[in-house]
Amino acid sequence: MFSTILSGAFCGIDSYLVQVEVDVAQGLPCMEMVGCLSKAAGEAKQRIRVALKNTGVRIPPSRITINLSPADRQKHGTAFDLPSAVGLLVSMGELEAEKTNDILFLGELGLNGELKRVKGVLPVVQCAARAGVRVCVVPEENCMEAAVIDGVTVYGAAHLSQVIAMLRDGAQQAGLFPARAAAEGRKQKRKEDFSDIRGQETVKRAAEIAVAGFHHILLIGPPGSGKTMIARRLPSIMPPLSLEESLEVSAIYSVCGRLEEGRILEERPFLAPHHTATGCSLIGGGRIPAPGAVSLAHRGVLFLDELPEFKRNILDMLRQPLEERRVQIARAYGNISYPADFILAAAMNPCPCGYYPDEKRCRCSQPEIRRYLSHVSGPILDRIDLCVEMAAMDIGKLSGKEKGENSVSIRNRILQARRIQEERFNGSGIRFNGEMGVGEIEAFCVPDREAQRLLHRAVQVFSMSIRAYHKVLRTARTIADLAGKEKIGALHVNEAVYYRTAAHAYWERGV
């Protein structure tokens with residue numbers, strides 16, 4: 001007897017529906033699984049056989065063939081255990097085929113019949129909803145992430161016997177009830193706040209500009225000057241995730257199996273990989289491709305502390321994500337694309353010991369400093385909009401009682417600037433000033449005459465590349481938006497140029 005059960009798979013974060021076809025026929029007793037399967041997916045036949053036995057179902061001696069269609073697409077993971085077991089039960093006559101129509105099944109089977117958590121449930125259920133599927137059966141641990149999708153009734157089962165009872169007698173008789181998304185209001189406030197930072201007003205201003213226009217930022221300063229402290233507070237001044245953004249980011253975490261308690265993300269991600277990170281862990285990929293830190297930081301902040309300590313070839317891998325805001329991974333069986341739209345916040349010391357140009361404390365030679373700085377290539381610097389040099393903290397300000405401006409008031413100014421950008425780019429596919437291309441720069445970044453003269457002089461003095469020139473214009477546009485000005489003036493250009501001077505001092509002019 002032949003049966004077809006609906007399931008789903010994902011490639012990157014793009015998902016598609018899978019038809020699990022099961023045929024039970026006379027012949028030598030065996031169970032075969034076909035359909036371009038990974039080793040984990042192909043091992044399902046052993047799990048299915050033992051799980052059914054321990055659930056009280058006897059498999060007759062027959063030739064069983066399970067095909068996962070489309071058979072020309074690579075399928076990874078263990079989510080096909082449950083649909084294969086249900087299809088086998090239908091083909092054996094244990095369940096009625098009509099009861100499984102228009103139901104999507106996902107789940108890994110334990111040997112005792114327990115349903116275990118699987119990866120990628122959120123994007124697969126999203127795909128099923130778009131295809132018109134109205135019922136999904138998933139492991140109990142995955143039901144919270146699946147339940148956030150509108151228009152789909154989600155049942156979370158803990159055991160195969162519950163699924164069998166549901167298909168025989170109905171969900172209520174089986175003790176299964178539609179899962180509901182987590183109640184609103186569980187969002188936890190971040191403990192980090194900009195009010196904790198006293199002094200460093202220039203750097204806090206640069207952080208505000210970076211978040212307002214989605215610009216990348218590099219902080220240079222001696223140890224203990226507050227670089228990491230400021231970077232870790234960037235998410236606190238970013239606007240909250242919208243539902244659309246939350247689902248987009250949560251889909252990435254779902255395919256990695258990193259959704260805590262199966263709940264979607266409600267806060268901006270902040271990723272801070274160690275400087276020993278490999279290319280695969282930073283960019284993504286591997287034998288079975290998975291998102292890297294640049295994709296896990298999507299819609300949030302990627303913080304690279306001790307930037308020159310990263311291997312230069314690893315840092316150069318960031319060129320494409322910083323420019324295109326996506327990662328393209330090529331494999332023999334196809335290309336995978338991951339989103340990587342993040343703010344890069346990097347921090348570094350000015351020299352190996354950290355105290356250059358303080359001649360009283362710095363003991364590094366000029367060749368040592370040049371070698372240290374050479375780990376950060378020119379193309380990477382060109383992609384960073386704001387480069388800010390930080391001074392050592394003033395002990396007097398640290399001991400004072402007056403706190404700095406809090407994150408809420410900074411975020412309110414950023415929200416106003418972003419509303420201006422939303423109106424400006426409405427319908428264009430661009431959201432922030434930092435995403436503008438050459439055409440948008442020519443249309444929206446027109447400085448007045450004095451600002452134009454100042455900008456031309458800065459290009460000559462600092463020997464700016466075309467990319468750096470465009471970065472200055474984008475930054476000036478954001479500064480003008482924060483000031484509520486429609487036209488870019490000399491003050492806006494002057495401030496934007498200032499945020500390029502540190503890069504010129506350390507790399508372009510040489511130490």
Side-chain angles (χ1 to χ4, degrees), residues 194 201-217 234 237-240 242 244-245 268 299 322-323 325 341-345 382-388 405-462 464-501 503:
F194 263 76
E201 300 302 328
T202 302
V203 188
K204 289 193 286 187
R205 167 67 173 171
E208 179 180 342
I209 295 168
V211 172
F214 225 79
H215 302 286
H216 306 306
I217 183 171
L234 287 177
I237 61 175
M238 298 178 77
S242 65
E244 180 184 356
E245 289 177 326
R268 298 274 176 183
R299 304 298 186 199
L322 290 177
E323 196 71 22
R325 301 184 183 272
D341 192 1
F342 57 89
I343 293 178
L344 173 64
D382 258 1
R383 288 165 169 81
I384 296 176
D385 302 22
L386 297 93
C387 186
V388 190
E405 186 178 16
N406 62 41
S407 295
V408 174
S409 60
I410 299 174
R411 185 168 62 241
N412 288 337
R413 290 197 299 270
I414 290 172
L415 285 169
Q416 292 177 2
R418 288 202 172 183
R419 279 192 286 268
I420 295 173
Q421 296 171 64
E422 185 179 352
E423 294 176 3
R424 176 183 300 132
F425 302 124
N426 186 29
S428 66
I430 296 175
R431 302 191 308 162
F432 307 113
N433 293 331
E435 299 176 357
M436 285 191 290
V438 176
E440 291 79 21
I441 291 173
E442 292 177 350
F444 303 118
C445 300
V446 181
D448 61 27
R449 183 176 299 178
E450 184 182 355
Q452 187 70 52
R453 181 185 58 79
L454 180 62
L455 186 56
H456 285 171
R457 178 172 172 76
V459 169
Q460 295 173 355
V461 171
F462 298 113
M464 290 184 187
S465 66
I466 297 298
R467 182 183 283 115
Y469 170 76
H470 287 157
K471 293 288 186 186
V472 170
L473 280 175
R474 291 189 190 114
T475 305
R477 179 68 270 171
T478 301
I479 295 170
D481 289 343
L482 284 168
K485 302 295 183 181
E486 185 176 349
K487 197 80 171 179
I488 296 176
L491 287 175
H492 310 137
V493 169
N494 191 46
E495 186 175 2
V497 169
Y498 168 76
Y499 294 124
R500 300 291 307 179
T501 56

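Scope of the values below: all heavy atoms of this structure, side chains included, with no hydrogens, waters or symmetry mates.
Residue A490 comes nearest to L454 through the heavy atom pair O-CD2, 3.6 Å, listed as atom of the first residue, atom of the second, then distance. Scanning all heavy atoms of the two residues, the minimum distance from C445 to I488 falls at CA-CD1, 3.7 Å. Between H215 and D385 the shortest heavy-atom distance is ND1-OD2, 2.6 Å. The minimum heavy-atom distance linking A476 with A496 is given by the pair N-CB, 3.7 Å. Closest of all the heavy-atom pairs between M238 and F214 is CE-CE1, 4.1 Å. Of all non-hydrogen atoms in A212 and I414, the two that sit nearest each other are CA-CG2, 3.8 Å.
A heavy-atom distance below 4.5 Å is found between the side chains of K487 and V446. With contacts defined as side-chain heavy-atom distances shorter than 4.5 Å, the pair D382/K471 does not qualify. Contact of the L473 side chain with the M436 side chain is not registered, since no non-hydrogen atoms from C-beta on lie closer than 4.5 Å. The closest side-chain heavy-atom distance from T501 to F462 is below 4.5 Å.
Applying the side chain to side chain contact (heavy atoms under 4.5 Å, CB included) rule to A207 yields the partners F194, I230, L234; only residues at least two apart in sequence or on another chain are considered. Evaluation of the side chain to side chain contact (heavy atoms under 4.5 Å, CB included) rule for A483 yields K485, H492 as partners, not counting sequence neighbours. For Y498, there are no ring pair (Phe, Tyr, Trp, His ring centres under 6.0 Å) partners two or more places apart in sequence or in a different chain. For E495, the salt bridge (Lys or Arg N to Asp or Glu O under 4.0 Å) partners at least two apart in sequence or on another chain are R205. In terms of the ring pair (Phe, Tyr, Trp, His ring centres under 6.0 Å) criterion, residue partners of F444 (sequence neighbours excluded) are, by chain and number, F425.
Heavy atoms of other residues, nucleotides or ligands lying less than 6.0 angstrom from CD1 of I430 number more than 12.
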Query - Candidate pair T478 and F432, rule side-chain contact (heavy atoms from CB on, under 4.5 Å), full reasoning - result: CA-CA 9 Å; T478 301; F432 307 113; over 6 Å; no
* **Criterion side-chain contact (heavy atoms from CB on, under 4.5 Å) on R268 and E245, from CA distance to verdict** => CA-CA 9 Å; R268 298 274 176 183; E245 289 177 326; 3.2 Å; yes
Exercise for the section: Using the side-chain contact (heavy atoms from CB on, under 4.5 Å) rule, take L344 and R383 through it: C-alpha gap first, then chi angles, then the decisive distance, then the call. Expected result: CA-CA 10 Å; L344 173 64; R383 288 165 169 81; over 6 Å; no
I would like to know whether D341 and R431 meet side-chain contact (heavy atoms from CB on, under 4.5 Å); could you show each step before the answer? CA-CA 11 Å; D341 192 1; R431 302 191 308 162; 4.1 Å; yes
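Between I479 atom CD1 and I209 atom CD1 the span is 4.0 Å, to the nearest 0.5 Å. The CG atom of L386 sits 4.5 Å away from the OG1 atom of T475 when rounded to the nearest 0.5 Å. Atom CD1 in I420 sits 9.5 Å away from atom CG in N433 (nearest 0.5 Å). Atoms CZ and CE, from R500 and M464 in turn, are 6.5 Å apart once rounded to the nearest 0.5 Å. Distance OG1/T202 to OH/Y499: 6.5 Å, rounded to 0.5 Å.
The salt bridge (charged side-chain N to carboxylate O under 4.0 Å, His left out) pairs that include a residue from residues 406-430 are E208-R413, E405-R413, R424-D481, where partners are two or more places apart or lie in different chains. Applying the ring-ring contact (aromatic ring centres under 6.0 Å, His included) definition to pairs two or more places apart or across chains, none involves residues 470-490. Among residue pairs with one or both ends in residues 436-458, none qualify as salt bridge (charged side-chain N to carboxylate O under 4.0 Å, His left out); sequence neighbours excluded.
Between the side chains of Q460 and H456, no donor-acceptor pair is found at a separation under 3.5 Å.
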